[in-house]
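In what follows, chains carry the letters A, B, and so on, assigned in the order in which the sequence lines appear, proteins first and then strands, with residues in each chain numbered from 1.
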There are 2 protein chains.
Amino acid sequence: MSTSPKLKLYEEFAAIARALGNAHRIDILEHLGQGERGVDALAAKVGLSTANTSQHLQLLKRVGLVESRRDGKYILYRLKGDNVLTLLGALFEVGENNLAEVDKVLRGYFHKRDDMEAVSHAELLKRSRDGLVTVLDVRPKDEFEMDHLPGAVNIPLEELESRLSEVNPAQEVIAYCRGPYCVLSFEAVAALRKRGIKARRMEDGLPEWRAAGLPLERS
Amino acid sequence: MSTSPKLKLYEEFAAIARALGNAHRIDILEHLGQGERGVDALAAKVGLSTANTSQHLQLLKRVGLVESRRDGKYILYRLKGDNVLTLLGALFEVGENNLAEVDKVLRGYFHKRDDMEAVSHAELLKRSRDGLVTVLDVRPKDEFEMDHLPGAVNIPLEELESRLSEVNPAQEVIAYCRGPYCVLSFEAVAALRKRGIKARRMEDGLPEWRAAGLPLERS
DNA sequence: GTTACGATCAAGTAATCTATTGAATAATAT
DNA sequence: ATATTATTCAATAGATTACTTGATCGTAAC
């Protein structure tokens with residue numbers, strides 16, 4: 001059995017899986033989910049050296065998870081198609097359902113995920129259109145500017161404390177962030193609630209919103 | 001930043017991905033998709049030593065992709081929930097769409113996949129109920145006996161040549177197998193067509209059929 | 001041209017993964 | 001009890017992976 005064609009195929013699939021087999025690369029993919037990024041910018045976001053980030057990106061590219069284009073002296077990387085997000089979603093779901101460790105981290109750190117009943121895209125859209133809620137984008141300013149939910153207000157998490165007056169305390173706040181496990185929105189909801197402001201999280205993040213074909217704004 | 005909680009979480013997800021990062025383990029998962037199996041039996045199917053298979057299985061178990069139970073002196077492993085199949089499906093899809101290598105193998109070996117327009121579950125079910133087609137299960141006898149599509153005929157691929165007379169040449173044959181990349185059904189369709197018998201493949205395999213909640217038979 | 005900057009490459013080290021071997025358990029059959 | 005069969009454990013060698021460092025290459029600005 002000199003490597004059957006099936007195994008050859010599986011070897012290719014396994015290579016894709018291996019590419020997902022590193023926490024930093026998953027982090028990189030989440031950031032790319034926000035939109036195109038250059039290597040250096042990404043490196044700063046994920047806290048790795050440029051060279052290292054470049055290598056991770058090349059690996060991801062080799063297995064077809066991301067693609068790149070040159071823009072002047074920058075090389076911009078982006079996710080290659082929506083099925084990458086689907087794959088990540090499937091991976092997260094298995095983890096959340098099948099791995100006790102994940103559950104522990106979620107419950108322990110993320111202040112009990114279920115407590116913060118997540119708001120679905122549909123509900124957010126409806127209540128936002130009716131003017132019933134404040135949609136809060138807690139990502140850094142540069143990410144917000146590239147793309148955000150329609151009508152969203154941007155207060156990066158670090159500034160939330162100091163800019164609390166900008167939030168209308170009479171309305172419920174729905175916070176969102178990069179993805180389903182982005183810490184920022186969990187923290188934001190917790191902080192707002194401590195101030196007595198009604199707050200919930202959107203069920204996932206901007207990339208999933210975009211993948212669902214829902215409208216976006218750019219400023 | 002002493003490993004943020006997000007990275008800790010991603011590390012768990014990455015561990016799951018790494019578990020999928022080996023062709024043999026994907027093979028094992030495909031076989032487990034057929035149903036519960038003991039270690040030795042599996043080892044024989046996937047062509048690995050018992051010890052090695054055991055280790056792979058334990059790894060898969062550690063990350064929540066499979067679970068096990070004892071039955072007498074056997075320890076039976078099975079997939080842990082349907083989302084594992086979903087994850088595999090997502091992985092396959094990314095590979096098929098984004099990786100040129102995969103496409104090459106598919107076209108090269110599998111006699112041009114698109115040529116054999118795959119039959120959907122719904123179409124198979126309908127045409128089978130109307131008695132218009134022969135549903136052919138080309139997996140080994142033991143797998144067939146555990147579970148198979150209703151009304152399916154079992155002729156393992158190796159026996160197809162010699163048992164060709166059992167196939168009604170007036171009807172179209174729909175062959176299926178273990179999963180979307182199971183070689184057997186591709187081969188079977190090719191062999192049948194060479195004999196002038198109309199034949200197509202089901203779009204994927206038995207595990208996906210079961211996961212879709214469609215009826216099964218046991219003999 | 002020269003300089004600056006973003007990105008990649010090449011080489012090296014420590015850590016991890018794969019498969020093998022042979023020994024150790026665990027349950028059943030005699 | 002003892003033997004048998006199924007599975008796991010422990011130790012190991014060889015391959016692969018992650019990250020660092022410093023050199024190199026491409027493009028744009030001066």
Side-chain angles (χ1 to χ4, degrees), chain A residues 1-3 7-8 10-29 31-32 36-63 65-78 142, chain B residues 1-3 7-8 10-29 31-32 36-63 65-78 142:
Chain A
M1 206 191 272
S2 63
T3 17
L7 276 187
K8 202 175 288 174
Y10 284 179
E11 183 44 53
E12 302 291 340
F13 294 140
I16 300 176
R18 275 197 300 273
L20 291 177
N22 175 287
H24 290 302
R25 281 196 293 268
I26 296 185
D27 199 17
I28 288 175
L29 290 173
H31 279 278
L32 287 181
E36 275 187 330
R37 288 277 182 287
V39 180
D40 241 24
L42 252 175
K45 292 263 183 204
V46 301
L48 296 175
S49 75
T50 305
N52 195 194
T53 305
S54 172
Q55 280 163 192
H56 282 308
L57 284 166
Q58 283 170 64
L59 172 52
L60 289 169
K61 186 177 177 182
R62 218 174 304 133
V63 301
L65 287 168
V66 309
E67 52 193 354
S68 65
R69 69 186 177 91
R70 175 147 229 147
D71 177 24
K73 56 181 175 175
Y74 295 87
I75 296 209
L76 299 178
Y77 282 86
R78 61 176 175 281
D142 60 314
Chain B
M1 208 191 270
S2 64
T3 16
L7 276 187
K8 203 175 284 175
Y10 283 179
E11 183 42 54
E12 301 292 339
F13 294 140
I16 301 176
R18 277 197 298 274
L20 291 177
N22 175 287
H24 289 303
R25 282 196 292 269
I26 295 183
D27 199 16
I28 288 175
L29 290 174
H31 279 279
L32 286 180
E36 274 188 330
R37 288 278 183 285
V39 181
D40 241 24
L42 251 176
K45 291 265 182 203
V46 300
L48 297 175
S49 75
T50 305
N52 195 194
T53 304
S54 171
Q55 281 164 189
H56 281 307
L57 284 167
Q58 283 171 63
L59 172 52
L60 289 170
K61 187 178 177 181
R62 219 173 304 135
V63 300
L65 287 168
V66 309
E67 52 194 354
S68 65
R69 69 186 178 90
R70 175 148 231 145
D71 178 24
K73 56 181 176 175
Y74 296 88
I75 296 208
L76 299 178
Y77 283 86
R78 62 175 174 282
D142 61 314

How many Å lie between [atom1] on [X] and [atom2] on [N], as a whole number?
| X | N | atom1 | atom2 | answer |
| --- | --- | --- | --- | --- |
| K61(B) | dT8(D) | NZ | P | 7 Å |
| L76(A) | dT8(C) | CG | P | 11 Å |
| R62(B) | dC17(C) | CZ | P | 9 Å |
| D27(B) | dA19(C) | CG | P | 12 Å |
| I75(A) | dC5(C) | CD1 | P | 18 Å |
| Y10(A) | dT18(C) | OH | P | 18 Å |
| L59(A) | dA18(D) | CG | P | 7 Å |
| I26(B) | dT18(C) | CD1 | C1' | 15 Å |

Do you know which two heavy atoms are closest between A15(A) and V63(A), and how far apart they sit?
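Heavy atoms only, the tightest pair is O-CG1, 3.7 Å.
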Closest heavy-atom contact between F13(B) and I26(A)?
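Scanning both residues, the minimum pair turns out to be CB-CD1, 3.9 Å.
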Pairs touching residues 12-26 of chain B that satisfy salt bridge (charged side-chain N to carboxylate O under 4.0 Å, His left out), sequence neighbours left out
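Every salt bridge (charged side-chain N to carboxylate O under 4.0 Å, His left out) pair that includes a residue of residues 12-26 of chain B, provided the two are not neighbours, is E11(B)-R18(B).
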Consider the side chain of D40(B), meaning its heavy atoms from C-beta on, and name the nucleotide among dT18(C), dA6(D), dG6(C) that approaches it most closely.
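Looking only at heavy atoms from C-beta outward on D40(B), the closest nucleotide is dA6(D).
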Among all residues two or more places apart in sequence or in another chain, which pass the side-chain contact (heavy atoms from CB on, under 4.5 Å) test with [X]?
| X | answer |
| --- | --- |
| R69(B) | E36(B), D71(B), L76(B), R78(B) |
| L42(A) | I28(A), H31(A), L32(A), R37(A), V46(A), T53(A), L57(A) |
| K61(A) | V66(A), S68(A), Y77(A) |

Kindly calculate the angle separating the two end axes of the helix from dG1(C)-dC30(D) to dT30(C)-dA1(D), each obtained from five base pairs, and round it to 10 degrees.
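Inter-axis angle at the ends, rounded: 20°.
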What pairs with N22(B) under side chain to side chain donor-acceptor pair (under 3.5 Å), at least two apart in sequence or on another chain?
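If we apply the side chain to side chain donor-acceptor pair (under 3.5 Å) test to N22(B), skipping adjacent residues, there are no hits.
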Under 4.0 Å protein heavy-atom contacts per nucleotide of nucleotides 23-30 of chain C, with B for base, S for backbone only and - for none:
---SSS--
Test of understanding: with salt bridge (Lys or Arg N to Asp or Glu O under 4.0 Å), list the residues that count as partners of D40(B), not counting sequence neighbours.
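Salt bridge (Lys or Arg N to Asp or Glu O under 4.0 Å) list for D40(B), sorted by chain: empty.
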Are any of Y77(B)'s side-chain N or O atoms less than 4.0 Å away from OP1 or OP2 of dT8(D)?
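Indeed, a polar side-chain atom of Y77(B) lies that close.
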Name every residue in residues 12-22 of chain B that has at least one heavy atom under 4.0 Å from any atom of DNA chain D, in order of residue number, or write none if there are no such residues.
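Nothing qualifies; none.
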Return the residues of residues 50-57 of chain A meeting this criterion: a heavy atom under 4.0 Å from some atom of DNA chain D. Order them by number, or give none.
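Contacts with DNA chain D under 4.0 Å: A51(A), N52(A), Q55(A), H56(A).
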